[in-house]
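First comes the structure, then the notes that go with it.
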Amino acid sequence: MMIWHVRGGIPLRGTIPVQGSKNAVLPILAASILAPCETTLTGVPNLRDVGITLRILRHLGCAAEMNDHVMYIDSRPLSRCDIPHSLMRELRSSVIFLGAILCRCGEARLSLPGGCELGPRPVDLHLDALRALGADVTEQGGDIIAKGGHLTGTRILLPFPSVGATENAMLAACAAKGETTILGAAREPEIVDLQRYLRRLGADLTGAGTAEITVRGFHPKAHAAHQILPDRIAAATLLCAAAASGGEISLTNANPSHFLTVLDSLSEAGCDIITRSDTVSLHAPRRLTAPRPIVTRPYPGFPTDAQPPLMAACLKAKGTTVFTENIFQNRYRHAAELRRLGAEVSIEGRVAYITGVERLTAAPLTAGDLRGGAAMIVAALSAEGETEIFDEDHISRGYDRLDQQLNALGAEVRCTY
Ligand code: EPZ
């Protein structure tokens with residue numbers, strides 16, 4: 001159990017670079033086994049989820065090393081096509097390996113955990129996409145077993161723009177004979193980054209970033225090198241922290257076009273924001289004003305992952321801030337913890353109402369999930385006193401030493417075990 005000690009009342013000031021994207025690097029690591037090849041990735045964030053994925057790659061027989069944000073993977077010695085429950089339970093998004101292993105081995109066996117902190121996390125869209133390509137996919141005793149040595153290109157229609165299902169379909173389609181079109185695809189920037197990597201690996205595909213992705217073939221190369229996309233949610237979290245603390249920060253290695261909806265809400269809340277191609281600067285007022293209602297949607301809508309940190313930033317905003325969470329069933333767990341600081345948060349189904357209060361006061365909190373934990377840190381920055389956040393390594397899943405990042409901006413955050 002890690003304990004975050006966060007001193008409130010210090011406006012954040014300074015400039016730091018944005019870490020590489022967790023949600024870009026994870027599918028790219030899965031894609032690195034599509035064919036026997038060597039991959040070098042730069043700008044890789046040092047995260048618990050990346051560490052678990054490295055263990056999965058080594059379990060499969062690959063060589064994988066990470067050194068100072070550079071990762072080397074050699075997938076030529078891959079020798080297995082299964083991922084056991086002991087690894088899958090630690091990282092449920094590893095279901096993305098299903099398409100990659102099926103493409104490489106012609107079969108795959110993954111144990112699948114049930115839901116997670118955010119609610120049920122079904123994978124029906126993933127399995128239907130593989131079946132559409134001709135794979136035989138069955139479930140036995142908690143395992144997903146996929147067989148399909150001869151996949152055939154087809155049209156895959158996703159009834160919901162699932163990020164993971166889109167990525168799994170892209171990877172499996174690389175093994176298919178003939179052209180595959182994915183309709184209703186998710187449009188997240190992380191999917192565009194995956195397409196960039198796949199092209200460097202020898203895949204012929206277009207359309208990522210739109211609702212229609214076409215995979216025409218795959219002629220594997222022996223080597224691929226790729227720089228990981230900046231993490232738009234980590235960037236949004238730091239900006240929310242600056243807004244909550246009344247500070248003034250600049251972020252480099254950012255791509256503001258990837259989180260315009262978050263910037264719009266922060267601007268409506270009274271922050272002065274200046275953007276350039278790869279930097280974002282934010283100057284917060286002493287006290288925020290409630291922004292217009294925030295409704296989470298698939299990209300390019302407001303990202304669900306930024307909902308908790310923005311909620312935390314708005315706890316003292318003048319007026320009432322309204323959130324509607326449309327992506328996950330149970331993504332307001334952080335609300336009860338934020339109330340312990342003195343926040344006024346009421347939840348009615350998918351809608352959260354935040355009535356801005358004059359002050360928040362430090363209280364011990366418990367992080368229940370990755371973004372909820374980050375929200376508690378953001379809120380603690382605007383609370384009087386030192387807040388302790390008890391965290392079973394949720395936050396380090398997605399943030400690369402967030403304590404160091406915040407302290408580089410003048411915060412007083414320390415972690416004890
Ligand atoms: C990705 O999760 C991200 N994770 C999530 O980030 C992010 O919140 C989510 O996309 C939405 O943007 C990674 O990229 C590793 P989905 P994913 O499939 O792929 C339902 C974070 O904090 N659904 O788009 O799992 C599902 O239950 C994490 O960084 C089905 O019903 O998201 C959910 O309600 C959290 N059937 C909705 O779709 C399926 O087969 C969105 O899921 C798949 C999904």
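Order of appearance sets the numbers: ligands from 1, and atoms from 1 within every ligand.
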> For ligand 1, does Ile233 get within less than 4.0 Å through its side chain, its backbone, both, or neither, judged by non-hydrogen atoms?
Replying inline: neither
> Taking heavy atoms and a distance under 4.0 Å, where does Thr304 meet ligand 1: side chain, backbone, both or neither?
Replying inline: side chain
> Hey, which atoms in ligand 1 end up nearer than 4.0 Å to a heavy atom of Gly164?
Replying inline: 18 (O), 19 (O)
> Considering the options Val280, Ile273, Leu288, which one meets the side chain to side chain contact (heavy atoms under 4.5 Å, CB included) requirement together with Leu266?
Replying inline: Ile273
>> Using a 4.0 Å cut-off to any heavy atom of Phe160, which atoms of ligand 1 qualify?
In response: 37 (C), 38 (O), 41 (C)
>> Under 4.0 Å, heavy-atom basis, I'd like to know which part of Asp124 is in contact with ligand 1: side chain, backbone, both or neither.
In response: both
> Is it the side chain (CB and beyond), the backbone, both or neither of His394 that lies under 4.0 Å from ligand 1, heavy atoms counted?
Replying inline: neither
> Near Leu370, which atoms of ligand 1 are under 4.0 Å from a heavy atom of that residue?
Replying inline: 22 (O)
>> Can you tell me which portion of Lys22 lies within the under-4.0 Å heavy-atom range of ligand 1? Options are side chain, backbone, both, or neither.
In response: side chain
> How many angstroms lie between OH in Tyr72 and CG in Asn67, if you round to the nearest 0.5 Å?
Replying inline: 14.0 Å
> If you count the atoms of ligand 1 from 1 in the order shown, which ones are under 4.0 Å from a heavy atom of Ser93?
Replying inline: 15 (C)
> Side chain, backbone, both or neither: which part of Leu125 has a heavy atom under 4.0 Å from ligand 1?
Replying inline: both
> Does a side-chain N-to-carboxylate-O contact under 4.0 Å join Asp82 and Arg109?
Replying inline: no
> Which ligand 1 atoms does Arg371 reach within 4.0 Å, using its non-hydrogen atoms?
Replying inline: 21 (C), 22 (O), 29 (O)
>> For atom 20 (C) of ligand 1, is there a protein heavy atom at a distance under 4.0 Å?
In response: no
> Between Arg58 and Glu65, is there a side-chain N and carboxylate O pair less than 4.0 Å apart?
Replying inline: yes
> Side chain, backbone, both or neither: which part of His126 has a heavy atom under 4.0 Å from ligand 1?
Replying inline: both
> Closest non-hydrogen protein atom to atom 15 (C) of ligand 1, residue and atom name please, with distance?
Replying inline: Asn23 OD1, 3.3 Å
> Should you measure from each heavy atom of Phe328, which atoms of ligand 1 turn up under 4.0 Å away?
Replying inline: 8 (O), 33 (C), 34 (O)
>> Within ligand 1, which atoms have a heavy atom of Arg331 less than 4.0 Å away?
In response: 8 (O), 22 (O), 35 (C)
